[in-house]
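Since this is a predicted model, take the numbers as computed values, not measurements.
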There are 2 protein chains.
Amino acid sequence: MSTTPLAAPRRATITDVAREAGTGKTSISRYLNGEMSVLSPELRARIEAAIERLNYQPNQMARGLKRGRNRLIGMLLADLTNPYSVEVLQGVEAACHALGLMPLICHAANEVEMERRYLQLLTTYRVEGVIVNALGVREETLRPVGGGGIPAVLVDRLVDGLVADMVGLDNRAAAELGTRHLLDNGFDDIWFVVQPFEQVSSRQLREAAFREVMSGVGGASGAHGPSGKDEGGKGGARGHTLVLNLAEPAAVERALAELDRAIDASGDLGGAAASVTDNATRSAIDRTGGKGRRIALFAANAPVALCLALHLKARYGADWQARVALLSIDDPEWAELTGITAIRQPTYEIGYRAVEFLHERIEGIQTTARDCLLPGELIVRASTSR
Amino acid sequence: MSTTPLAAPRRATITDVAREAGTGKTSISRYLNGEMSVLSPELRARIEAAIERLNYQPNQMARGLKRGRNRLIGMLLADLTNPYSVEVLQGVEAACHALGLMPLICHAANEVEMERRYLQLLTTYRVEGVIVNALGVREETLRPVGGGGIPAVLVDRLVDGLVADMVGLDNRAAAELGTRHLLDNGFDDIWFVVQPFEQVSSRQLREAAFREVMSGVGGASGAHGPSGKDEGGKGGARGHTLVLNLAEPAAVERALAELDRAIDASGDLGGAAASVTDNATRSAIDRTGGKGRRIALFAANAPVALCLALHLKARYGADWQARVALLSIDDPEWAELTGITAIRQPTYEIGYRAVEFLHERIEGIQTTARDCLLPGELIVRASTSR
DNA sequence: CTGTTAGCGCGTTCAC
DNA sequence: GTGAACGCGCTAACAG
């Protein structure tokens with residue numbers, strides 16, 4: 001109370017400081033920019049004192065206006081609700097801190113219109129660059145960015161007609177890792193569950209890699225194709241792709257119903273011990289299989305995994321993991337609690353690298369668009385291994 | 001590709017537009033500010049065309065520099081990892097959108113130093129106001145804010161020497177609601193688990209309300225006191241306060257050990273059906289109690305609840321809910337999945353109101369500091385009611 | 001209705 | 001070393 005003067009005193013300007021220090025603005029400016037060698041120690045001391053006395057803080061806006069750079073960068077997030085985003089953000093913040101940048105965080109909340117508005121806003125504020133975790137629509141929306149516009153780097157996903165640096169998970173490797181893990185642990189009926197992926201490159205890659213492994217190809221040839229469902233494969237193991245449009249409740253219900261039929265048709269997952277108990281006993285699994293097929297769900301990301309888990313719990317009770325195994329890309333906080341296996345993304349590093357890339361662009365580097373693919377880490381839990 | 005000119009053309013300025021439209025800057029400025037009535041339709045059309053042709057976008061920085069307001073507000077979050085923060089943020093964004101404000105989101109990541117730096121940064125960028133979800137340290141750090149500094153509104157918690165508007169949960173009511181629910185459902189050994197609360201007003205209030213109810217007072221008299229442990233109370237029901245310092249692994253371990261002893265000492269929670277099964281059957285509970293006491297944990301917020309759940313699962317297995325009931329303030333996404341009871345905060349509205357308050361302050365309203373306490377909603381799940 | 005003239009707070013020549 | 005003077009992109013009087 002005593003330390004907070006109630007009158008809001010007009011913020012001191014550089015002019016005030018100059019007057020207070022009995023000198024001109026130039027010297028103050030130089031002081032602020034660390035050009036100490038050009039100031040007499042005596043003057044320097046006076047300036048220091050004046051600044052202290054007036055509690056002066058330079059106006060970044062005015063500064064940016066003149067010098068053409070305001071040290072602001074935009075960070076456009078598609079969905080902060082997804083823990084992935086928050087984690088990436090941590091890396092972004094750390095890097096910004098280290099590089100003297102200030103990130104403006106914008107949250108599109110899954111709305112294209114929002115994405116557009118924020119992008120517009122960012123250019124209006126003349127940010128020096130943008131890191132964008134796009135909604136996945138086409139370039140159209142991102143007009144002001146990349147290419148001829150302001151420097152940009154993409155996170156997690158590419159955008160169609162947009163040439164820019166990109167950093168994200170090595171989706172192909174991650175999906176392969178997960179699929180192989182399931183296969184190795186004796187699951188022979190695997191459902192890859194993913195949100196609509198026509199527009200989102202990362203989802204596409206994950207799904208493609210999954211199908212590739214399941215079809216027993218093993219090679220790296222891209223067997224894309226927009227088919228969408230059911231594959232045969234590897235030693236009798238079957239793979240399916242199930243699309244879960246989380247934005248469309250009715251569609252979700254239909255998809256889940258299809259899943260239910262498959263689960264109901266399959267036998268129990270194995271034995272009594274299927275219930276998650278003590279993950280200290282991760283012994284080699286019994287690949288002889290019980291009656292029916294061993295079914296596993298491979299969620300393409302955390303939101304999907306959560307949706308699946310909620311549904312399964314509602315349908316099969318608290319013990320649902322005895323019937324189905326669940327593996328998810330992304331390792332949300334509840335994964336450990338629930339015992340599902342996960343592939344953790346190097347989120348922090350993704351964010352950090354993104355800023356580094358952007359910084360280089362801002363500094364004028366001219367290389368062609370770069371990609372940085374970071375590996376995921378498999379975290380085996382009771383759900384898929386006993 | 002065809003739409004992205006590869007040369008980054010210097011952004012058009014208001015001068016360019018003026019020239020292009022064959023007029024002076026003033027008219028452009030007026031057009032930008034919507035003073036249409038002062039422009040001849042003919043001029044207006046020319047301006048419109050010029051703007052379109054040059055893809056002109058006004059520079060907010062320069063604009064702010066002149067007019068003294070840049071429509072920027074700061075949003076300082078203590079911990080984005082806490083879902084609470086993200087949810088509040090949604091409300092903040094919506095309100096900002098509605099009021100034409102642009103929120104600068106700053107994430108202190110639980111570090112006082114960060115908080116200080118960001119606050120400094122925000123004032124440096126001359127934001128018009130700040131919404132702060134403080135770490136809970138003393139006013140010291142928040143020097144530039146509130147009182148004589150830039151307008152501020154506090155979220156969730158007060159800061160000691162800081163007079164400012166504040167909006168948050170009605171902690172007293174929420175804690176009472178939870179405690180009463182547990183009591184009504186026959187639990188007679190209740191542990192309120194909370195992070196260190198000397199510095200954080202919301203935690204203090206929750207804990208105090210809990211103890212008050214447990215001590216059977218019922219009235220609203222403030223029986224504060226920094227005691228910390230064990231109370232007697234209401235019809236033989238016992239209440240305990242357990243401090244869980246999440247930042248201190250060793251301390252966490254000790255606290256959890258104490259909890260374990262209590263749980264081990266108590267009998268089973270009730271019967272076989274204790275395992276979460278079908279929450280459709282929420283029948284009146286059996287208050288006669290089995291052998292021993294019916295023990296329940298009341299987590300003061302989501303991070304605490306998660307820590308508890310993880311620990312209990314590790315110790316008692318997947319079926320831990322058969323031994324202990326868990327009720328949490330905050331309703332994280334995994335609550336439904338796990339079946340714990342929760343008190344959901346009106347997070348969105350908290351954020352929205354905060355911005356409204358701040359906006360009023362910015363507009364110059366002079367009332368004394370206001371409080372806005374919003375009610376929580378009890379969401380009963382299988383954990384506490386069968 | 002419209003153009004002209006000052007600045008906003010600061011960085012930058014360029015002389016002193 | 002130091003301090004005027006000018007300009008950044010824009011808004012706000014003040015004339016026409």
### Task
Indicate, with a heavy-atom threshold strictly under 4.0 Å, whether B/S37 touches base, sugar-phosphate, or nothing.
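Touches sugar-phosphate only.
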### Task
Scan side-chain atoms only and decide if B/Q57 and B/R11 contain a donor-acceptor pair under the 3.5 Å cut-off.
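Yes.
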### Query
Less than 4.0 Å between a side-chain N and a carboxylate O, is that true for B/E111 and B/R116?
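Salt bridge between B/R116 and B/E111, a charged N being under 4.0 Å from a carboxylate O: no.
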### Message
Looking at A/R370 and A/E360, is there a salt bridge between them, counting it only when a charged N and a carboxylate O are closer than 4.0 Å?
### Response
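A/R370 and A/E360: salt-bridged.
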Whole angstroms only, please: what is the [atom1]-[atom2] distance between [X] and [N]?
| X | N | atom1 | atom2 | value |
| --- | --- | --- | --- | --- |
| A/R46 | D/dG1 | CZ | C1' | 12 Å |
| A/L65 | D/dC6 | CG | C1' | 14 Å |
| B/L43 | C/dG3 | CG | P | 6 Å |
| B/Y31 | C/dT2 | OH | P | 14 Å |
| A/R19 | C/dG9 | CZ | C1' | 13 Å |
| B/M36 | C/dC1 | CE | P | 14 Å |
| B/N70 | C/dC8 | CG | C1' | 13 Å |

### Nucleic acid footprint by protein, nucleotides 10-16 of chain C - heavy-atom cut-off 4.0 Å, B for base, S for sugar-phosphate alone
BBB-B--
### Query
Does the ring of A/Y31 carry A/R44 above it, NZ/CZ under 6.0 angstrom from centre and within 45° of its axis?
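That pair does not qualify as a cation-pi contact.
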### Message
Counting only heavy atoms not in B/E52 (residues, nucleotides, ligands), do more than 12 fall under 6.0 Å from its CD?
### Response
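No, CD of B/E52 has 12 or fewer neighbouring heavy atoms, counting only those of other groups under 6.0 Å.
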### Query
A/E20 and salt bridge (Lys or Arg N to Asp or Glu O under 4.0 Å): which partner among A/R46, A/K25, A/R53?
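By the salt bridge (Lys or Arg N to Asp or Glu O under 4.0 Å) criterion, A/E20 pairs with just one of A/R46, A/K25, A/R53: A/R53.
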